[in-house]
Novice: 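Just dropping this structure here.
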Amino acid sequence: MTELDRIDLRGLRVFARHGVLDAERLSGQEFIIDVVLWLDTRPAAGSDDLSKTVDYGALANRLVRLAEEPPVRLIETLAERLASGCLSEPLVAEVEITVHKPQAPIAHPFSDVTVVIRRARPSAGPQQPTAPPPGRRPT
């Protein structure tokens with residue numbers, strides 16, 4: 001099995017209108033996104049070719065678009081949307097998304113609320129044995 005490398009994008013700031021409360025959807029607030037991608041960067045490193053890795057600038061643009069619209073109630077839903085966006089990159093094998101909501105409507109002092117999810121590209125799964133053609137016995 002190939003060892004995977006990491007690309008981290010930390011502290012991506014997005015203003016959006018996610019939340020359960022009407023006030024959150026009306027006023028909006030800043031969300032902070034951290035992304036960790038697992039992929040094999042050896043082809044890019046060996047060729048010095050951006051097309052053989054993930055362009056993190058383009059990825060940041062895509063994540064901002066995904067985070068801005070449409071609004072959702074839960075940051076868990078937002079995290080899932082962002083993970084799917086990362087896994088649409090063909091070279092990404094796994095992704096970890098952290099969505100920070102530092103201005104969450106909590107009535108007590110706190111520094112941050114986060115949801116962290118980790119998702120992997122669905123594998124093909126184990127191959128099912130094929131049945132022998134009719135009239136032939138398995139060997």
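For reference, positions follow the sequence shown, starting with 1. As a basis for the values below, the full set of heavy atoms in this structure was taken, side chains included, without hydrogen atoms, waters or symmetry mates.
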Novice: With a cutoff of under 4.5 Å between side-chain heavy atoms, which Ile, Leu, Val, Met, Phe, Trp and Tyr residues group with Leu4?
Specialist: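 Noted: Leu4 shares its cluster with Val36, Trp38.
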Novice: Write out all pairs satisfying salt bridge (charged side-chain N to carboxylate O under 4.0 Å, His left out) with one or both partners inside residues 29-46, taking only residues at least two apart or from two chains.
Specialist: Arg13-Glu30, Asp40-Arg42
Novice: So, using salt bridge (Lys or Arg N to Asp or Glu O under 4.0 Å) as the criterion, who are the partners of Glu24 when residues are at least two apart?
Specialist: Lys101
Novice: Using the ring pair (Phe, Tyr, Trp, His ring centres under 6.0 Å) criterion, which residues pair with His18? Sequence neighbours excluded.
Specialist: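 Listed in chain order: Phe31.
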Novice: Hydrophobic cluster membership, with links at side-chain heavy-atom distances under 4.5 Å among I/L/V/M/F/W/Y: are Val64 and Leu66 in one?
Specialist: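 As far as the 4.5 Å side-chain criterion goes, Leu66 and Val64 are connected within one cluster.
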Novice: Which residue pairs pass the side-chain hydrogen bond (donor to acceptor under 3.5 Å, both in side chains) test with at least one member in residues 102-114, sequence neighbours excluded?
Specialist: His100-Asp112
Novice: I need the minimum non-hydrogen distance between Ala93 and Leu87, along with the two atoms involved.
Specialist: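 Shortest heavy-atom separation between Ala93 and Leu87 comes out as O-CD2, 4.0 Å.
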Novice: Is there a path of hydrophobic side-chain contacts, each under 4.5 Å between heavy atoms, that joins Leu12 and Leu82?
Specialist: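 Yes, same cluster.
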Novice: Measure the shortest side-chain to side-chain distance between Cys86 and Val35 over non-hydrogen atoms and say whether it is less than 4.5 angstrom.
Specialist: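 Side-chain contact under 4.5 Å: yes.
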Novice: Could you check if a side-chain atom of Gln29 sits within less than 4.5 angstrom of a side-chain atom of Pro102, using non-hydrogen atoms only?
Specialist: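 No, too far: nothing below the 4.5 Å cut-off.
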Novice: Rounded to the nearest 0.5 Å, what separation is found between the CG atom of Leu37 and the CG atom of Leu9?
Specialist: 8.0 Å
Novice: Applying side-chain hydrogen bond (donor to acceptor under 3.5 Å, both in side chains), can you list everything that pairs with Glu94, at least two apart in sequence or on another chain?
Specialist: Arg118
Novice: Mind checking what makes side-chain contact (heavy atoms from CB on, under 4.5 Å) contact with Leu91, not counting sequence neighbours?
Specialist: Leu39
Novice: With a 4.0 Å cut-off on N to O distance, would you call Arg17 and Glu69 a salt bridge?
Specialist: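 No, Arg17 and Glu69 are not salt-bridged.
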Novice: Between atom CZ of Arg121 and atom CD of Glu89, what is the distance when rounded to the nearest 0.5 Å?
Specialist: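 So the CZ of Arg121 and the CD of Glu89 are separated by 9.0 Å.
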Novice: My understanding is that only residues two or more places apart in sequence, or in another chain, count here; which of them pass side-chain contact (heavy atoms from CB on, under 4.5 Å) with Ser27?
Specialist: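 Expected list: none.
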Novice: For Ser47, enumerate each residue passing the side-chain contact (heavy atoms from CB on, under 4.5 Å) test, keeping only those at least two apart in sequence or located in another chain.
Specialist: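 With sequence neighbours excluded, Ser47 shows a side-chain contact (heavy atoms from CB on, under 4.5 Å) to Asp49, Lys52, given in chain and number order.
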Novice: Could you list the residues that satisfy side-chain contact (heavy atoms from CB on, under 4.5 Å) with Ile117, not counting sequence neighbours?
Specialist: Ala79, Glu80, Ala83, Ile97, Val115, Arg119
Novice: Just jot down the salt bridge (Lys or Arg N to Asp or Glu O under 4.0 Å) partners of Arg73, sequence neighbours excluded, or say none.
Specialist: none
Novice: For residues 56-79, which residue pairs qualify under ring pair (Phe, Tyr, Trp, His ring centres under 6.0 Å), counting only residues two or more places apart or in two chains?
Specialist: none
Novice: Between Thr53 and Ala44, what is the shortest heavy-atom contact and its length?
Specialist: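 Looks like CB-CB, 3.6 Å.
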Novice: Is any side-chain heavy atom of Leu63 closer than 4.5 Å to one of Leu59?
Specialist: yes
